[in-house]
Amino acid sequence: MKLIIAEKNDAARQIAERLSTGKPKKDKVYNTAIYRFEWKGEECVTIGLAGHILAPDFCDSVLFDKKLGWYSVTEDGEMLPADIPDGLARPPYDTKRKPFLADGISIKGWKLESLPYLTWAPVIKLPAEKELIRSLKNLAKKSDSVIIATDFDREGELIGSDALNKVREVAPDLPVARAQYSSFTKAEITQAFDNLVSLDQNLADAGESRQHIDLIWGAVLTRYLTLAKFGGFGNVRSAGRVQTPTLALVVERERERMAFVPEDYWQIRGMGAAQGAAEDDRFKIAHKTARFTDKDAAEAAYGHVDGVATATVAAVTKRSRKQQPPTPFATTSLQAAAAAEGISPARTMRIAESLYMAGLISYPRVDNTVYPATLDLGAVVSDLAKINPALAPVCKKVLAGPMKPTRGKVETTDHPPIYPTGEGDPSALDGGQRKLYDLIARRFLATLMGPATIENTKLELDVNGEPFVASGDVLVTPGFREAYPYGLKRDEQMPPLEQGDAVDVFDIKLEAKQTEPPARYSQGKLVQEMEKRGLGTKSTRASIIERLYAVRYLKNDPVEPSQLGIAIIDALSQFAPRITSPDMTSELDGDMTRVERGEDTEEHVVTHSRALLAGVLDELLKHTQELGDAISDAVTADARVGACPKCGKDLVMKTSAKTRGSFIGCMGWPDCDVTYPVPSGVKVSPLEGEAAVCPECGAPRIKCQPFRQKAFEICVNPTCPTNYEPDLKVGECKVCAEAGRHGDLIAHKSEKSGKRFIRCTNYDDCGVSYPLPARGKLEATGETCPECGAPIVVVNTARGPWRICVNMDCPTKEKKPARGRKTTTKASAAKKTTAAKKTAAKKTTAKKTTAKKSTTKKTAADK
DNA sequence: GCAAGGTC
């Protein structure tokens, strides 16, 4: 039997289909899909891997000793020189700069002292896809020859080489060959398998050099930054060959914005309309001098038009222009287009993967922007019409047309550009999937359609001697726009006016403006910029940006660096500039090309890189204190929500050590005891200028961003009059009424805790009291709860009014979990609830830990 | 607890 190893299941299936005379038989070894067929009279089987099946990692069971070098300790305490493959690890004998630390240095724990050793630590390869490796070995034992048929590129050669090594463990003498193909056409696949070559170990070594260099630099710098100022577990400060230059791009743009000096300019604008036209038919007019840089000139011109009610049409010009249909989607252009529709690149890839797996779209990781001749475009369009009723009319038009597809600049033959397969059931898709599927389907149709024609009407007006202009675009021939409305501006229809006509003018205003700094990157633009600079690959860029958000170097969208992100770039560009520049990637590319060509070796390239890193680390270790302080200051600055009304120091977001909950506290603690609760369910950020201080109580006002809802601004102080009406009567006490006396229920706030509650004026007799939510201005309704008789109040949260029965024990509360954290009125009940909460918190933590563990395990098993 | 690259 001939064993054919492909990089992914899809490739395994396609190879089987192309080589087989009949239909290949789908089968399974353990849980792995395989395809059996006959080729040239021989029994064959293809198996698809899942990319890399081995993952490089440090060999952390070894220790370092200056005499022995790397060694391991046996159970009996015997010290044996470590058996390190490849000879890649070399103790730093040749770096005289660094004094040796005591013997027995381990690289296992994260310690600053061990980093010089980590720089030189041996790298081994651990199985990452255990299931697949098991299946692979099982097949290898039954085979009498093997063909490596992974993708024809550097990583593919490495994946093939790793697979071969695993095969060799059970079948050391199995004859091996390599099939090189760049597309899945029958001709290309047949040609590749008819002309087998041998595995290119140099190419695989080049790939492995990249793996090692990325791991070593990434691990050493990440551990260094994390340890320079340890911020507690879960606060890793990462660095890497791709992520750090990407972050630097964002920081650089932010610096340009900060350095930008705005310039004043003036605009004169208003509205115009054909005489007697309805208000809806008005159009914007502006002075022909779009930007006056001279204030006097602007005021002089405005003096001529201020209060003028009519103008004359001086000229009408019509010009039509063509908008060409877009090119087919490759990964980056899909990510950019989806980002413009509010789907982040990382989410785009997750959704695209699910659509691909469900068979609705073609393979989503492609650079190719030219449809292959073998793709039957017409068949796809008619299939698309069948499963998408909404697209059927436009599909019909496409089929009736000449159908000449557009083409982009990049042409490869491994995969077609991303297109809808015309199969599956799009009506079953959920929101995000549907949105992305529509984008892909409509883009595909657009690439087969004609240009759009847009007619522009330009009006020149004479407003009391001053030249004004108005302009409107109208889509006259929709062309591809019929299928692809994304980013299309709304029509601005100008009325049918002619030279000499009179026009009404309104609301002419002189506006003082300032020039704007360069815009921040959108996530889509950032992906494109990374591609332009050679950072990352189509498969990794999205996840790398996501990672930068996860470690809180980046925030918001458009992309903005945090103070921490800026501090990291400042520190690294000063002491480790290699890692902040995209040059490291281009240099690595050069190194790898030489390894590929046999002009250099993996060992030499990696060792050279280790030596460079050793120098960088030396430099960094001299400035750990300084760098740690900078990181620490930046983290504080990121947590700042405003100034303390009591002592003026910074108020920051803090995490309670006991409850792990967050609160807003003063940096002056313990001298200043000002604290506020954090609004729940929202992302909090500081405001600037006048808006940052509450005029009523002096506490900071903050911006709250709920998930996918409009942001709002509130005062952080829950007992501020802007949030709360004190001493409000919300009803009458039922218990007192039954006892034949009168008691009023009044809303209070505690001086001590700042907590809000309702209490009866005869509390000493009846003991009636109810808790209130921390925030939201109260309103009495005069109504009582039909279930329990307690008063009903309206709490005006910034997200809208919220009507509640104040009794926490009321049966109406059973239906939905309490939103507030307030406990019941009685002290015992309060205790109980607190205890329950603690248990719940513990449970959640335990759950999280287990979940995390199992995920780790799962990932390890998957890899 | 670390990177970046494949892919599920």
Side-chain angles (χ1 to χ4, degrees), chain A residues 6-12 31-33 48-58 60 107-111 114-115 118-119 121 123 125 128-129 131-132 150-151 153-163 204 206-227 230-246 331 349-350 352-358 363-365 415 530 534-548 550-551 579 584-585 588 592 609 613 849 852-853 855-856 858-859 861-863:
Chain A
E7 188 158 319
K8 47 187 168 272
N9 177 54
D10 187 62
N31 258 327
T32 314
L49 306 177
H52 294 285
I53 55 168
L54 303 181
D57 204 351
F58 293 106
D60 59 12
I107 54 163
K108 199 167 183 174
W110 287 34
K111 287 204 177 79
S114 70
L115 292 184
L118 190 68
T119 311
V123 174
K125 285 201 153 180
E129 297 282 350
E131 254 313 293
L132 266 173
T150 47
D151 293 358
D153 54 30
R154 196 193 294 136
E155 296 295 331
E157 208 72 9
L158 174 58
I159 291 164
S161 163
D162 285 346
E208 202 173 63
S209 316
R210 187 220 34 90
Q211 280 191 328
H212 288 195
I213 290 171
D214 281 342
L215 172 66
I216 297 163
W217 279 75
V220 168
L221 293 177
T222 299
R223 287 188 192 187
Y224 174 80
L225 291 172
T226 306
L227 297 167
F230 185 59
F233 291 100
N235 286 303
V236 167
R237 320 280 182 217
S238 66
R241 172 178 59 83
V242 178
Q243 61 167 262
T244 306
T246 302
T331 304
M349 294 318 284
R350 279 193 291 271
E353 183 67 33
S354 73
L355 293 175
Y356 164 65
M357 280 307 184
Y363 190 70
R365 286 177 287 270
H415 299 282
M530 289 173 77
L535 293 171
T537 73
K538 57 187 180 293
S539 313
T540 60
R541 286 177 202 121
S543 61
I544 281 168
I545 293 174
E546 202 174 46
R547 171 97 190 126
L548 291 172
V551 295
I579 197 72
M584 183 161 167
T585 293
L588 182 68
M592 285 190 299
S609 188
L613 176 60
T849 328
K852 224 174 192 182
K853 263 186 196 161
T855 331
T856 325
K858 195 176 168 288
T859 326
D862 285 353
K863 278 178 194 167

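Each chain gets a letter, A, B and so on, in the order its sequence line appears, and its residues count up from 1.
- Among the atoms of the strands shown, none is found under 4.0 Å from any heavy atom of A/S543.
- Across all their heavy atoms, A/G51 and A/I159 have their closest contact at O-CG2, 3.4 Å.
- The residue A/Q211 sits close to a base: some heavy atom pair falls under 4.0 Å.
- Heavy atoms of A/S238 sit under 4.0 angstrom from primed sugar atoms or phosphate atoms, though from no base atom.
- For the pair A/T226 and B/dG1, the criterion of a side-chain N or O lying under 4.0 Å from OP1 or OP2 is not met.
- Side-chain contact between A/I216 and A/F58 is present, with heavy atoms from C-beta onward closer than 4.5 Å.
- Put simply, CG on A/L158 is 9 Å from C1' on B/dG5, counting in whole angstrom units.
- A/D162 places its CG atom 19 Å from the P atom of B/dA4, with the value rounded to the nearest Å.
- For the pair A/E7 CD and B/dC8 C1', the interatomic distance rounds to 13 Å; values are reported in whole Å.
- The A/D151 side chain lies nearest to B/dT7 when the options are B/dC8, B/dA3, B/dT7.
- Between the side chain of A/D57 and the base of B/dC2, a donor-acceptor pair under 3.5 Å is found.
- Atoms CD (A/E546) and P (B/dA3) sit 14 Å apart, rounded to a whole Å.
- Nucleic acid contact for A/R241: sugar-phosphate only, since backbone atoms but no base atoms lie under 4.0 Å from a heavy atom of the residue.
- Considering only side-chain atoms of A/I544, the nucleotide from B/dC8, B/dA4, B/dC2 that sits closest is B/dA4.
- For the pair A/L227 CG and B/dC2 P, the computed distance is 13 Å after rounding to whole Å.
- Contacts of A/G536 with the nucleic acid, taken as non-hydrogen atoms under 4.0 Å apart, involve only primed sugar atoms and P, OP1 or OP2.
- Between A/S539 and A/T244, the residue anchored closer to the 5' end of DNA chain B is A/T244, taking for each the nucleotide with the nearest heavy atom.
- Using a 4.0 Å heavy-atom distance criterion, A/Y363 is classed as a sugar-phosphate-only contact.
- With rounding to whole Å, A/Y224 atom OH is found 18 Å from B/dG1 atom C1'.
- Checked against B/dC2, B/dT7, B/dG5, the side chain of A/K8 finds its nearest nucleotide in B/dT7.
- Taking only side-chain nitrogens and oxygens, A/R223 never comes nearer than 4.0 Å to OP1 or OP2 of B/dG1.
- Here the nucleotide nearest the side chain of A/E353, chosen from B/dC8, B/dG5, B/dC2, is B/dC8.
- Here A/T537 lies in heavy-atom contact (under 4.0 Å) with sugar-phosphate atoms only.
- A stacking contact between A/W217 and B/dA3 is absent: the pair does not combine a ring-centre distance of less than 5.5 Å to the base's six-membered ring with planes differing by less than 30°.
- Closest to the side chain of A/F233, out of B/dC8, B/dG1, B/dA4, is B/dG1.
- Atom OH of A/Y356 and atom C1' of B/dT7 are 9 Å apart (whole Å).
- Checking B/dC2, B/dA4, B/dG5 against every side-chain atom of A/V236, the shortest atom distance belongs to B/dC2.
- The structure places CD of A/Q243 at 11.5 Å from CG of A/L535, a figure rounded to the nearest 0.5 Å.
- Residues A/T331 and A/M349 form a side-chain contact, since some pair of their non-hydrogen atoms from C-beta on lies under 4.5 Å apart.
- Nucleotides of DNA chain B nearest to A/T222 and A/N9 differ in position, and the one nearer the 5' end is that of A/T222.
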Evaluation steps, side chain to side chain contact (heavy atoms under 4.5 Å, CB included), between A/K8 and A/D151: CA-CA 9 Å; A/K8 47 187 168 272; A/D151 293 358; 3.2 Å; yes
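- Residues A/R210 and A/E155 are in side-chain contact: their nearest non-hydrogen atoms beyond the backbone lie under 4.5 Å apart.
- Phosphate contact (OP1/OP2 of B/dG6, side-chain N/O of A/R365, threshold under 4.0 Å): absent.
- In this structure, A/E208 and A/Q211 have side chains that are in contact, with non-hydrogen atoms separated by less than 4.5 Å.
- Spacing between atom CZ of A/F58 and atom C1' of B/dA3 amounts to 9 Å, rounded to whole angstrom units.
- Nucleic acid contact class of A/G51 (heavy atoms, under 4.0 Å, all strands): base.
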